[in-house]
Peer 1: 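Quick one: structure below, then a few questions.
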Amino acid sequence: MSLLAQYTQPPPSYNSSIRTVYDETHRGIWHSTLVVASMGNNPNLLGHLEHYEPTTDGSFSICCAGGEGVFISQALYESIPLQHRPTLDTSETGRDVELILIGAKMATLGSTYFPFILTTDTNEKVRMVLRVYVVKNLLVGMFWGMHGPFARGVDCSTQYSRDGPTFTFAFKNGQTCRFHGI
């Protein structure tokens with residue numbers, strides 16, 4: 001079953017106290033090419049799963065860098081308890097992801113709409129739902145390519161200081177969120 005067929009209604013709110021600032025569920029996001037134009041192994045944001053096993057804190061590393069598409073590791077995807085795990089659209093299995101810096105490719109296992117939580121610079125927890133491609137051997141939990149369709153819904157800028165990077169996401173709906181990097 002395709003992902004779009006599953007979402008004829010907006011997805012339920014998982015936790016009404018957490019504001020959703022960006023949701024790609026009904027945006028028809030599609031990438032003509034999937035590219036990681038970075039080594040993709042230097043995390044610069046920290047995300048949290050909405051649902052996770054009690055033996056963990058649910059956190060995962062995110063690398064925001066050059067590329068097109070958003071990718072999560074198979075290990076991160078499978079760490080979500082089965083009853084809360086988003087359905088994997090296997091019609092996306094086998095798409096090539098170009099790894100430009102090392103001149104190689106990896107294949108997708110499928111795609112899904114992936115809800116996760118970021119904490120803003122004012123300590124507000126906010127939810128985002130991104131269309132992600134699940135891949136086997138990603139070096140971080142999530143690689144977020146900062147080009148392509150994501151850029152149409154959000155403008156991202158980065159400021160660097162001795163305290164680390166600060167990412168500002170300006171959403172097309174007028175909302176802006178700032179996130180301290182790691």
Side-chain angles (χ1 to χ4, degrees), residues 7 10-27 29 36 38-86 111-135 138-182:
Y7 291 105
S13 175
Y14 294 97
N15 182 336
S16 61
S17 66
I18 297 177
R19 178 171 62 108
T20 299
V21 294
Y22 185 73
D23 187 341
E24 291 184 338
T25 304
H26 297 285
R27 294 185 185 267
I29 299 296
V36 174
S38 159
M39 287 305 287
N41 63 352
N42 188 16
N44 47 23
L45 275 176
L46 187 66
H48 286 87
L49 296 171
E50 284 191 295
H51 303 283
Y52 52 89
E53 296 294 340
T55 55
T56 73
D57 67 357
S59 65
F60 61 93
S61 60
I62 302 171
C63 175
C64 297
E68 185 169 333
V70 182
F71 310 95
I72 63 170
S73 68
Q74 180 180 12
L76 176 61
Y77 176 73
E78 291 176 351
S79 75
I80 301 168
L82 195 54
Q83 68 269 29
H84 298 290
R85 189 177 303 158
S111 67
T112 192
Y113 290 99
F114 182 71
F116 64 100
I117 297 168
L118 292 173
T119 303
T120 68
D121 63 342
T122 61
N123 286 325
E124 177 189 11
K125 292 187 183 315
V126 295
R127 175 184 299 107
M128 297 183 80
V129 181
L130 299 181
R131 179 161 183 240
V132 301
Y133 297 91
V134 179
V135 293
L138 200 59
L139 299 174
V140 292
M142 174 187 279
F143 178 85
W144 194 337
M146 300 312 284
H147 305 293
F150 176 77
R152 289 196 290 266
V154 181
D155 291 322
C156 179
S157 62
T158 310
Q159 291 181 305
Y160 294 91
S161 72
R162 62 181 162 193
D163 297 327
T166 299
F167 295 89
T168 301
F169 292 169
F171 302 97
K172 300 297 185 202
N173 63 10
Q175 297 183 72
T176 299
C177 293
R178 291 169 39 108
F179 305 99
H180 288 299
I182 55 174

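Just so you know, these numbers use all the heavy atoms, side chains as well, and skip hydrogens, waters and symmetry mates.
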Peer 1: Between Arg131 and Glu24, which heavy-atom pair has the shortest distance, and what is it?
Peer 2: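 Of all heavy-atom pairs spanning Arg131 and Glu24, the closest is N-OE1, 2.8 Å.
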
Peer 1: Between NE2 of His48 and CZ of Phe116, what distance do you get to the nearest 0.5 Å?
Peer 2: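 Answer rounded to 0.5 Å: 12.0 Å.
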
Peer 1: With a 4.5 Å limit on heavy-atom distance, are the side chains of Ile62 and Leu118 in contact?
Peer 2: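 A side-chain contact exists here, since the closest heavy-atom pair is under 4.5 Å.
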
Peer 1: Kindly write out the residues that satisfy salt bridge (Lys or Arg N to Asp or Glu O under 4.0 Å) with Glu53, not counting sequence neighbours, or none if the list is empty.
Peer 2: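 For Glu53, no residue satisfies salt bridge (Lys or Arg N to Asp or Glu O under 4.0 Å) once neighbours in sequence are set aside.
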
Peer 1: Going by salt bridge (Lys or Arg N to Asp or Glu O under 4.0 Å), name the residues that satisfy it together with Arg178, two or more places apart in sequence or in a different chain.
Peer 2: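 Residues passing salt bridge (Lys or Arg N to Asp or Glu O under 4.0 Å) with Arg178: Asp121.
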
Peer 1: Under 3.5 Å, is there a donor-acceptor pair linking the side chains of Tyr160 and Arg162?
Peer 2: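 Looking only at side-chain atoms, Arg162 and Tyr160 do not form any donor-acceptor pair under 3.5 Å.
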
Peer 1: In Å, rounded to the nearest 0.5 Å, how long is the span from CE of Met142 to OG of Ser61?
Peer 2: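 The CE atom of Met142 sits 10.0 Å away from the OG atom of Ser61.
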
Peer 1: Give me the atom names and distance for the closest heavy-atom approach of Thr119 to Asn123.
Peer 2: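 Here Thr119 and Asn123 meet closest at CG2-CA, 3.7 Å.
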
Peer 1: Please report the shortest heavy-atom distance between Ala65 and Phe143, naming the atom on each side.
Peer 2: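 Reported closest heavy-atom pair: CB-CE1, 3.9 Å.
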
Peer 1: Evaluate the side-chain proximity of Arg19 to Gln175: yes if any heavy-atom separation is below 4.5 Å, no if none is.
Peer 2: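 They are in contact (side-chain heavy atoms under 4.5 Å apart), so the answer is yes.
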
Peer 1: Can you find a pair of side-chain heavy atoms, one from Ile72 and one from Phe60, that are under 4.5 Å apart?
Peer 2: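 No - every pair of side-chain heavy atoms lies 4.5 Å or more apart.
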
Peer 1: Would you say Ser79 and Leu49 make side-chain contact, with heavy atoms under 4.5 Å?
Peer 2: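 Yes, close enough: below the 4.5 Å cut-off.
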
Peer 1: Compare all side-chain heavy atoms of Pro86 with those of Ile80 and state whether any distance is below 4.5 angstrom.
Peer 2: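 Side chain of Pro86 against side chain of Ile80, heavy atoms only: contact under 4.5 Å found.
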
Peer 1: How close do Leu46 and Ser59 get, heavy atom to heavy atom, and via which atoms?
Peer 2: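 For Leu46 versus Ser59, the nearest heavy atoms are CD1-CB, 4.0 Å.
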
Peer 1: When rounded to the nearest 0.5 angstrom, what distance separates CZ in Arg85 from CD in Glu78?
Peer 2: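 The CZ atom of Arg85 sits 6.0 Å away from the CD atom of Glu78.
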
Peer 1: Does the side chain of Thr166 reach to within under 4.5 Å of the side chain of Ser161, using non-hydrogen atoms?
Peer 2: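 No, their side chains stay 4.5 Å or more apart.
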
Peer 1: Indicate the atoms forming the closest heavy-atom contact of Pro165 with Thr158, along with that distance.
Peer 2: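 What the structure gives for the nearest pair is CB-CG2, 4.0 Å.
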
Peer 1: Using every non-hydrogen atom in the two residues, find where Arg127 and Val129 come nearest and quote the distance to one decimal.
Peer 2: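 Here Arg127 and Val129 meet closest at CD-CG2, 4.2 Å.
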
Peer 1: Rounded to the nearest 0.5 Å, how far does NE2 of His51 lie from CD1 of Ile117?
Peer 2: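 Interatomic distance, Ile117 CD1 to His51 NE2, rounded to 0.5 Å: 8.0 Å.
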
Peer 1: Trp144 and ring-ring contact (aromatic ring centres under 6.0 Å, His included): which partner among Phe167, Tyr133, Phe71, Phe169?
Peer 2: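 For Trp144, the ring-ring contact (aromatic ring centres under 6.0 Å, His included) test succeeds with only one of Phe167, Tyr133, Phe71, Phe169, which is Phe169.
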
Peer 1: Using the test side chain to side chain contact (heavy atoms under 4.5 Å, CB included), find all partners of Thr122 that sit at least two apart in sequence or belong to another chain.
Peer 2: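 Testing Thr122 for side chain to side chain contact (heavy atoms under 4.5 Å, CB included), a comparison that skips the adjacent residues, returns Thr120, Glu124.
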
Peer 1: Is there side-chain contact between Leu76 and Phe114, with at least one heavy-atom pair below 4.5 Å?
Peer 2: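 Yes, close enough: below the 4.5 Å cut-off.
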
Peer 1: Taking the side chain as C-beta and beyond, is there a heavy-atom pair between Tyr22 and Leu130 under 4.5 Å?
Peer 2: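 A side-chain contact exists here, since the closest heavy-atom pair is under 4.5 Å.
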
